[in-house]
Amino acid sequence: MEFTPIDKLNLDERIIKILKKKGIEKLNPVQTDAVNSGLLEGKRLLVTSPTGSGKTLIAELGIISHLLSDGGKAVYITPLKALTAEKYNELKDWEELGFKVGMTSGDYDSDDAWLKNYDIIVSTYEKIDSLWRHNPSWLSEVDYFVLDEFHYLNDEERGPVVESVAIRAKRKNLLALSATISNYEKIANWLNAIPVTTNWRPVPLREGVIVEGKKSYQVIFPNETIEIKGNDPIIAYTLYVLEHGGQVLVFRNSRKMAESTAKKISSSMGLLSLPDKELLKVGEEIKNVEDAGSDEKEELYELVVRGVAFHHAGLSKGLREIIERAFRERKIKVIVATPTLAAGVNLPARAVIIGDFHRYNRKILGYQEEISIMEYKQMAGRAGRPGFDKEGEAVIVVRNKKEAEKVFKKYILSPPEPIESRLGNESAFYSFLLGIISSEKKISEDDLEDYAMDTLLDKDVAEKYVKRGITWLRDNEFIAGDDELVLTKFGKRVADLYINPFTAKVFKDYLTKSDKSCNIAYLHLVAYTPDGPTVSVTRSELEELVDEAPCPLFIEEPEDEDEFYNYVSALKVAMIINDWIEEVDEDVILSRYGIGSGDLRSIIDTMDWLTYSGYNVAKVLDLKEHYDVLYTLNLRVKDGVKEELLDLVKIQGVGRKRARILYNHGIKKPEDVVMNVDKVKSLLGQKIGEKIAKEAARLIAGNA
DNA sequence: GCTTGCAGCCTCTAGACAGCATGTC
DNA sequence: CTAGAGGCTGCAAGC
């Protein structure tokens, strides 16, 4: 455990200058280890260490010393868009050396985004995987890959993409960063990298359990037991930490419980929760957020002015950001969250309370599984704010002494489980093959098999999947050719759209054999694909929904119970989106379907992408009868409008609400806006009216 | 006859990635 | 296959 002053390292002067500017005088033990293992000489490393141990700086040093000595380009890959933005901002500091930093992810591209102009590009795994399929020329200039949060390899859904990207990065140079994993030697070996592993944390972490004792609760740490009074372990411990001046992050396993725990805490806080000026300001911000539903704003407001908040993916992005910032600024004292906050941007607290170590598993009815050690470590790792807390505390709530012992042994004393390949299923593996063929343009079966042998799968499993995959892709007309495999036009389109081949097959099979139908039928088909959004359907909705389908659907009602549920869930998505494009008020949609604004947003985004994809698949298959419907549908889904507003929403700054106002007052096209600027101003306000008139003029000029 | 209390049954359950077009010597 | 909270119903005791 040693710290190394940066002057003692063999660092380029320019690097030292910037480090000092960032306020970094010495490297911490993890960073020192990485440097001693050859980081600056371009050695391939797999660094595994706890969250918050300063891995980002390792990546920065790796990238910069690589660019300084070898030129070329570097890519920094993260699993989350939020992390991509965060790393982008940190890497910006290095632009002083003359390197340009850009970023690209699904919803954001660097403003003057032509990526070939950048030296360092920050992105997500999926986006890089997708880019590889298009194979832009600049991508071949990239010879240094940082694979951040590499333990996502173990994630059932996202893992296959991480692995695909790693397989290609392996053929160049890479630096992989991961949370602590137990089989790091095996993974390092696979990556052909040197393992660097430590448990060092900037703020020490104390892990324990909370058990109900005779008259009070006991918080048991390895060498100390604290007695606290109260009726509820979470509330009691939260109050205890608050009284000692710390902030608390509580994790619950459902949104409902996150909300009710937040309420209970706030009503037990007494004098600890007097609203102050700062909190009232945060409250005002919440009231004024534009992207949220009114119910969720109201509920959150009541809590936030008392210094408490709940946080989950049902909340709008704007709302979540306000809460996170206010917590970081130490205004909000307690956040009760679902696992959203376990990964993602750094949001530490003095104490973390893990309220549940079980989680409902939707695949197996009535079965509640224990969360993985890795997940526990991610949550516990949020404890301890550098600079504020001497020590972080993480406690798990258990019911009795027997459970306490078990939990202590499993979560606190054991290393996280090993990570392993998630490519071992048809859907993931066939996508992987499709992606490789797409970027290679043409490839022999032997070479394709070489790629498969590069996966983390056992050789015989990989071999089985290549053989089956090639046959399947050929049978379904994604690929053609004998000596050299190439993508068909259909296959290439599917690869570029980045949809799952099974999604494409659903489009192809049903659209080919069916006649035109109504919007709901198309939306249902789109939602029913494996890439479609999933929503939960309550029992009462289930009966209603089936009767409600207004026209013949493309998919017949499945016999199988699970499939039937998917069928109904897709129908619910279709109804939601149908309301959206019929301009039903957002608050009405939210309460009608029991979803949050964050849910609605993500359903819309996914359906936008998939209606676009459906249109393109229909187009490439020349299914004339269907593609015009899907085309219009996609435009309407994007903005949530009826067809008559499509001209207006093309104007930058005009969404479904403004477009409707304008239209109802006789302004129906961009030209009308330009001709009636005064009227537009009186309808939408001076400032906005003016801006929109300008945009409308620009739009017309652009079209001409 | 109406209210209140409570046992027991029923219902429900986390998160978040991807297309496109974009600019210009 | 290893759950638990909250809502709802219906029955019985209490007034």
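Chain letters run A, B, ... following the sequence lines, proteins first, then strands; residues in each count from 1.
In this structure, A:Leu80 reaches the sugar-phosphate backbone alone: every heavy-atom distance under 4.0 Å involves primed, P, OP1 or OP2 atoms, never a base. Nucleic acid contact class of A:Asp129 (heavy atoms, under 4.0 Å, all strands): none. Residue-level contact check: A:Lys116 touches the bases, meaning some heavy atom is under 4.0 Å from a base atom. At the heavy-atom level, A:His311 lies nowhere under 4.0 Å from the strands shown. If you check every strand for non-hydrogen atoms under 4.0 Å, A:Arg158 touches a base. Among the heavy atoms of the strands lying under 4.0 Å from A:Thr606 is at least one base atom, whether or not backbone atoms are also near.
Atom CG of A:Leu699 and atom C1' of B:dA21 are 14 Å apart (whole Å). Taking atom CD of residue A:Glu157 and atom P of nucleotide B:dA16, one finds them 12 Å apart after rounding to whole Å. The nearest whole Å value for the distance from the CZ atom in A:Arg255 to the C1' atom in B:dT13 is 10 Å. The distance between atom OH of A:Tyr498 and atom C1' of B:dA16, rounded to the nearest whole Å, is 13 Å. A:Leu115 places its CG atom 13 Å from the P atom of B:dC20, with the value rounded to the nearest Å. One atom, CD1 of A:Ile335, and another, P of B:dA14, lie 18 Å apart when rounded to the nearest Å. Between the CD1 atom of A:Ile603 and the C1' atom of B:dA18 there is a distance of 17 Å, rounded to whole Å. The nearest whole Å value for the distance from the CG atom in A:Asp232 to the C1' atom in C:dG6 is 15 Å.
Between B:dG15 and A:Ser602, no contact under 4.0 Å exists linking OP1 or OP2 to a side-chain N or O. Distances shown here put a side-chain N or O of A:His134 below 4.0 Å from the OP1 or OP2 atom of B:dC20.
Here the closest heavy-atom approach between residue A:Leu80 and residue A:Tyr152 is recorded as CD1-OH, 4.2 Å. Of all heavy-atom pairs between A:Tyr615 and A:Tyr627, the closest is CD1-O, 3.2 Å.
Checking A:Ser123 against A:Gly314, the closest nucleotide of DNA chain B that is more toward the 5' end is the one next to A:Gly314. Of the two residues near DNA chain B, A:Pro79 and A:Asn253, the one whose nearest nucleotide lies more 5' is A:Asn253.
Closest to the side chain of A:Thr124, from the set C:dT2, B:dA18, B:dG19, is B:dA18. Checking B:dT11, B:dG19, B:dC17 against every side-chain atom of A:Arg539, the shortest atom distance belongs to B:dT11. When the nucleotides B:dG15, B:dA14, B:dG19 are ranked by their closest atom to the side chain of A:Arg359, B:dA14 comes out on top. Between C:dG6, B:dG19, B:dG15, one nucleotide has an atom nearer to the side chain of A:His312 than all others, and that is B:dG15. Among B:dT13, B:dG15, B:dA18, the nucleotide with an atom closest to any side-chain atom of A:Glu126 is B:dA18. Distances were taken from every side-chain heavy atom of A:Lys264 (C-beta onward) to each of C:dG6, B:dA18, B:dA14; the shortest belongs to C:dG6. The side chain of A:Ser260 lies closest to C:dG6 when the candidates are B:dG19, C:dT2, C:dG6. Comparing C:dA5, B:dC12, B:dT13 against the side chain of A:Met257 picks out C:dA5 as the nearest. Checking C:dT2, B:dG15, B:dA18 against every side-chain atom of A:Ala313, the shortest atom distance belongs to B:dG15. When distances are taken from the side chain of A:Thr340 to each of B:dA16, B:dC12, B:dA14, the shortest belongs to B:dA16.
Salt-bridge annotation for A:Glu157 and A:Arg422: absent, with no side-chain N of the basic residue lying under 4.0 Å from a carboxylate O of the acidic one.
Checked by distance alone, A:Ser254 brings no side-chain donor or acceptor within 3.5 Å of a matching partner on the base of C:dA5. Under 3.5 Å, the side chain of A:Asp608 and the base of B:dG19 form at least one donor-acceptor pair of N or O atoms.
Aromatic ring centroids of A:Phe478 and A:Phe490 lie under 6.0 Å apart.
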Run the salt bridge (charged side-chain N to carboxylate O under 4.0 Å, His left out) check on A:Lys263 and A:Glu299 step by step: do they pass? CA-CA 9 Å; A:Lys263 281 178 198 159; A:Glu299 254 180 281; 2.9 Å; yes
Is there a side chain to side chain donor-acceptor pair (under 3.5 Å) between A:Asn500 and A:Ser427 once you walk through the steps? CA-CA 7 Å; A:Asn500 185 299; A:Ser427 166; 2.7 Å; yes
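Using modelled atom types, one finds a donor on one side chain and an acceptor on the other under 3.5 Å when comparing A:Asn616 with A:Arg493.
Between the C1' atoms of B:dA14 and C:dA3, the separation comes to 16 Å (whole Å).
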